[in-house]
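Presented below is the structure to which this report refers.
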Protein chains: 2
Amino acid sequence: MRKTILIYGASMAGLIGMMKYIEYRYLIRDFSIEFYVGVVAIFFTMIGIWAGFRLTRKKVVIVGAPFALDEDKLQQLGISRREYEVLELIAVGHSNQEIADKLFVSVNTVKTHLANLFLKLDVSRRTQAIQKAKSFRLIP
Amino acid sequence: MRKTILIYGASMAGLIGMMKYIEYRYLIRDFSIEFYVGVVAIFFTMIGIWAGFRLTRKKVVIVGAPFALDEDKLQQLGISRREYEVLELIAVGHSNQEIADKLFVSVNTVKTHLANLFLKLDVSRRTQAIQKAKSFRLIP
DNA sequence: GGCTAATTCATACTTTCGGGTGAAGATTTC
DNA sequence: GAAATCTTCACCCGAAAGTATGAATTAGCC
């Protein structure tokens, strides 16, 4: 951002300097105001467009690769830590038993977590839960 | 796009007209060239930025979407059409029964396809199959 | 025509999931 | 300290999913 401002300022100074230079160097004093306005308008419109690209480029990147957990959505749905852990594990394809082993709890516990999760996500199968969780950006 | 150009042209005309108006209306003829350049520069930079946003917005949408099926991988794994259809449907969270209804076959058939699919993908659960299929770029 | 692969289906059996209910301890919140 | 929430676990039952085996049909290929 600082770089952008610097380049912008330098361009502005450069343009004005250039015009002054032409004006005095060749003693051409009768550039019409419209000419100035035109040149400046076109030039700074281009700079503006370039700046616009600059400002939006970040958004483009975000959509592509990285994943940001939507914690608001988590709270909004009332999903607890433990439930979220289970969600992450079913998303990777683990069975209830495997999840129980990983979390050092019984299968029954995993089942309860899942049942609550299904309620909160409003689904009835783990595959649907994964699907929905992804659309909510709860998991990558 | 046409709308953008129209708005752009109208803005330009409006600005010049406004300046001329002020100039003649109040007989203020000594606006410095720097003043004009400044106003025009700022104004058109803003327009340019706005245009830049306009131009990039579409790209943002495009980046999110694309998915290219890796057909080579499909053949490499020896996955048939029907098996692939079933794969697509389990990925969306459908049950075997639902898939059977959608494809107008019996649940047993779906099970057979799935069993073969699991062999070819080297997994034992549908969630794992989805996971692996995504990593192979077989499904979005 | 014969071969192979794909698609279809069935039957039977095991395992996993999901739903429902209840309940106890821990932690947080008011 | 009482209420609410979270975490934990148990038991039961039925439905869904997965495994194994066998078999009929269709379609494509040489």
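Protein chains get the first letters and strands the later ones, always in sequence-line order, with residue 1 at the start of each. Remember, it's a predicted structure, so these values are computed and weren't measured experimentally.
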Report the distance from atom [atom1] of [X] to atom [atom2] of [N], rounded to the nearest whole Å.
{"X": "I99(A)", "N": "dT7(D)", "atom1": "CD1", "atom2": "P", "value": "15 Å"}
{"X": "Q97(B)", "N": "dA15(D)", "atom1": "CD", "atom2": "P", "value": "12 Å"}
{"X": "L121(B)", "N": "dG18(D)", "atom1": "CG", "atom2": "P", "value": "12 Å"}
{"X": "Q128(A)", "N": "dA17(D)", "atom1": "CD", "atom2": "P", "value": "10 Å"}
{"X": "N108(B)", "N": "dT21(D)", "atom1": "CG", "atom2": "C1'", "value": "13 Å"}
{"X": "E98(B)", "N": "dA16(D)", "atom1": "CD", "atom2": "C1'", "value": "11 Å"}
{"X": "I90(A)", "N": "dT16(C)", "atom1": "CD1", "atom2": "P", "value": "16 Å"}
{"X": "L77(A)", "N": "dC6(D)", "atom1": "CG", "atom2": "P", "value": "13 Å"}

If only side-chain N and O atoms of [X] are considered, is one of them under 4.0 Å from the OP1 or OP2 phosphate oxygen of [N]?
{"X": "R125(A)", "N": "dC17(C)", "result": "no"}
{"X": "N96(B)", "N": "dA17(D)", "result": "yes"}
{"X": "S95(A)", "N": "dT16(C)", "result": "no"}
{"X": "S80(A)", "N": "dT5(D)", "result": "no"}
{"X": "R81(B)", "N": "dA6(C)", "result": "no"}
{"X": "S124(B)", "N": "dT19(D)", "result": "no"}
{"X": "H113(B)", "N": "dT8(C)", "result": "yes"}

Check: L114(A) and E83(A) side chains under 4.5 Å, non-hydrogen atoms: no
Note, V86(B) side chain near N96(B) side chain (heavy atom, < 4.5 Å): no
Among [options], the one nearest [X] by side-chain distance:
{"X": "T112(A)", "options": "dT8(C), dA10(D), dG19(C)", "value": "dA10(D)"}
{"X": "R126(A)", "options": "dT7(D), dG18(C), dT8(C)", "value": "dG18(C)"}
{"X": "K111(A)", "options": "dT7(D), dC9(C), dG18(C)", "value": "dG18(C)"}
{"X": "V105(A)", "options": "dG18(D), dA6(C), dT8(D)", "value": "dT8(D)"}
{"X": "F118(A)", "options": "dG18(C), dT7(C), dG18(D)", "value": "dG18(C)"}

Which atom of V110(A) lies closest to which atom of V105(A), heavy atoms considered: CG2-CG2, 3.9 Å
Closest non-hydrogen atom pair, F118(A) against A129(A): CE2-CB, 3.8 Å
T109(B) and T112(B): side chain donor to acceptor below 3.5 Å: no
